[in-house]
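Data block below; observations after.
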Amino acid sequence: MSADASTGTFLQGLERGLAVIRAFSAETPSLTLSEVARDVGITPATARRILLTLEQLGYVRSDGRRFTLTPRVLALGWAYLSSLDLGDIAGPFMEELSAQTRESCSIATLDLPDIVYVARVPTRRIMTVALGVGARLPAYATSMGRVLLAGLPEDELTAYLESAETEQLTEHTLTSPEELRDVVRRAGEDGYALVDQELELGLRSIAVPILDSRGRAAAALNVSAHASRSTKAALESEALKPLQDCAEQIGTALRRRGRI
């Protein structure tokens, strides 16, 4: 037992709650109550109280027998990721990308139902909304959002699509779960997403994932351009390769520092 535990400042209930969340993994995405109790080393009664609490808070869902995590657990990692000084690490690479493409570029993470900007290098203002670190945009209508949604497990993506409050932001915005599932699946297959004036008229954006040490999308990097300056074909032919190279460089730098 630690010194803090012996002095009464150690919260065993919190420790056990976090241990229950960590019990779920890519290998065990779905667990029964008894499996959680066994894996964490707690009694079934304690496991039940913790799981039901997490379910009420929205971090866990259950089909009556098995439990799975929900996308809300991603919010727990946001504070960590936002404290990484990611902008300092990614900044030089993004500056080079922006100079090469002559367009704005950004990095965002997923905090459903939104993406959250964690780094940005603007060249000129191309949106009516001012964007900066901490800005939030709906995941379904953004290139970075679709790249990050493509990295979700199928059940989490389904839960998001069924609960997302989509809005027809422009005449081009895709809002139906079926259409969005198709474009998200395509983003996963292609390794990038291109959104054409769905978030705002006149704005085109192309994004790729920044991968962690397990090959999962920890964040997304995009290049945005005004439609009058760059066609969809031009974004793909001129910006995609530099974007992919930059994402790999940033990912490598972050992985070497043990940040992702």
Side-chain angles (χ1 to χ4, degrees), residues 18-19 21-29 69 71-101 103-112 114-122 131-137 139 142-154 156-157 160 184-194 205-224 236 239-260:
L18 294 174
I21 291 175
R22 291 197 301 270
F24 296 91
S25 66
E27 292 73 29
T28 56
L69 297 180
R72 179 168 288 189
V73 298
L74 296 169
L76 299 175
W78 162 241
Y80 167 72
L81 190 57
S82 64
S83 69
L84 293 180
D85 294 324
L86 189 149
D88 291 337
I89 296 172
F93 301 109
M94 295 175 69
E95 293 282 357
E96 183 177 347
L97 175 64
S98 182
Q100 187 175 358
T101 60
E103 301 292 356
S104 301
C105 60
S106 308
I107 292 178
T109 58
L110 193 61
D111 186 19
L112 289 174
D114 302 320
I115 58 168
V116 181
Y117 280 69
V118 297
R120 179 163 169 77
V121 176
L131 292 177
V133 174
R136 305 176 76 95
L137 290 175
T142 59
S143 60
M144 289 191 287
R146 290 178 182 175
V147 162
L148 293 168
L149 289 172
L152 292 178
E154 188 65 25
E156 293 183 15
L157 175 61
Y160 165 74
V184 167
R185 182 179 294 115
R186 194 177 313 129
E189 293 171 352
D190 295 343
Y192 73 94
L194 194 155
S205 176
I206 187 169
V208 299
I210 296 174
L211 303 179
D212 64 15
S213 57
R214 295 185 179 181
R216 300 176 301 190
L221 173 71
N222 85 339
V223 166
S224 299
E236 289 179 312
L240 180 56
K241 183 60 166 61
L243 187 63
Q244 291 170 326
D245 291 344
C246 184
E248 177 56 33
Q249 292 171 328
I250 293 171
T252 298
L254 291 171
R255 291 191 295 271
R256 285 178 177 173
R257 290 164 173 79
R259 303 301 179 88
I260 58 174

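- A pairwise comparison of heavy atoms in Phe93 and Ala253 identifies CE1-CB, 4.0 Å as the closest pair.
- Across Ile107 and Ala90, no two heavy atoms sit closer than the pair CD1-CB, 3.6 Å.
- Within 6.0 Å of CD on Glu236 lie more than 12 heavy atoms contributed by other residues, nucleotides or ligands.
- Side-chain contact between Thr142 and Asp114: absent, with no pair of heavy atoms (C-beta onward) separated by less than 4.5 Å.
- With values rounded to the nearest 0.5 angstrom, Leu148 atom CG is found 12.0 Å from Leu157 atom CG.
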Subject >> Working for side chain to side chain contact (heavy atoms under 4.5 Å, CB included), residues Ser106 and Asn222 >> reply: CA-CA 5 Å; Ser106 308; Asn222 85 339; 3.4 Å; yes
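- Considering every non-hydrogen atom in both Ile89 and Pro92, the closest pair reads O-CD, 3.6 Å.
- Between the side chains of Thr252 and Arg255, at least one donor N or O lies within less than 3.5 Å of an accepting N or O.
- Atoms CG and CD, on Leu221 and Gln249 in that order, are 10.5 Å from each other to the nearest 0.5 Å.
- Taking the side chain as every heavy atom from C-beta outward, Tyr192 and Leu243 never approach each other to under 4.5 Å.
- Pro209 has its side chain within reach of Val147: a pair of non-hydrogen atoms, C-beta onward, lies under 4.5 Å apart.
- Note that CG of Leu254 and OG of Ser213 are 11.0 Å apart. Values are rounded to the nearest 0.5 Å.
- The shortest distance between side-chain heavy atoms of Leu97 and Asp245 does not fall below 4.5 Å.
- Checked by atom type and distance alone, the side chain of Arg136 pairs as donor or acceptor with a backbone atom of Asp111 at under 3.5 Å.
- A donor-acceptor pair under 3.5 Å links the side-chain atoms of Asp212 to the main chain of Arg214, judged by distance alone.
- Counting heavy atoms from C-beta on, the side chains of Leu152 and Val184 never come closer than 4.5 Å.
- Between the side chain of Ser104 and the backbone N or O of Arg120 there is no donor-acceptor pair closer than 3.5 Å.
- Here the shortest heavy-atom pairing between Glu103 and Val223 reads CB-CG1, 3.6 Å.
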**OP:** Start with the C-alpha distance between Ile250 and Cys246, add both sets of side-chain angles, then the distance that settles side chain to side chain contact (heavy atoms under 4.5 Å, CB included), and finish with yes or no.
**Re:** CA-CA 6 Å; Ile250 293 171; Cys246 184; 3.7 Å; yes
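- Taking CG from Asp190 and CZ from Arg185, the interatomic distance works out to 12.5 Å, rounded to the nearest 0.5 Å.
- To the nearest 0.5 angstrom, Leu137 atom CG is 7.5 Å from Met144 atom CE.
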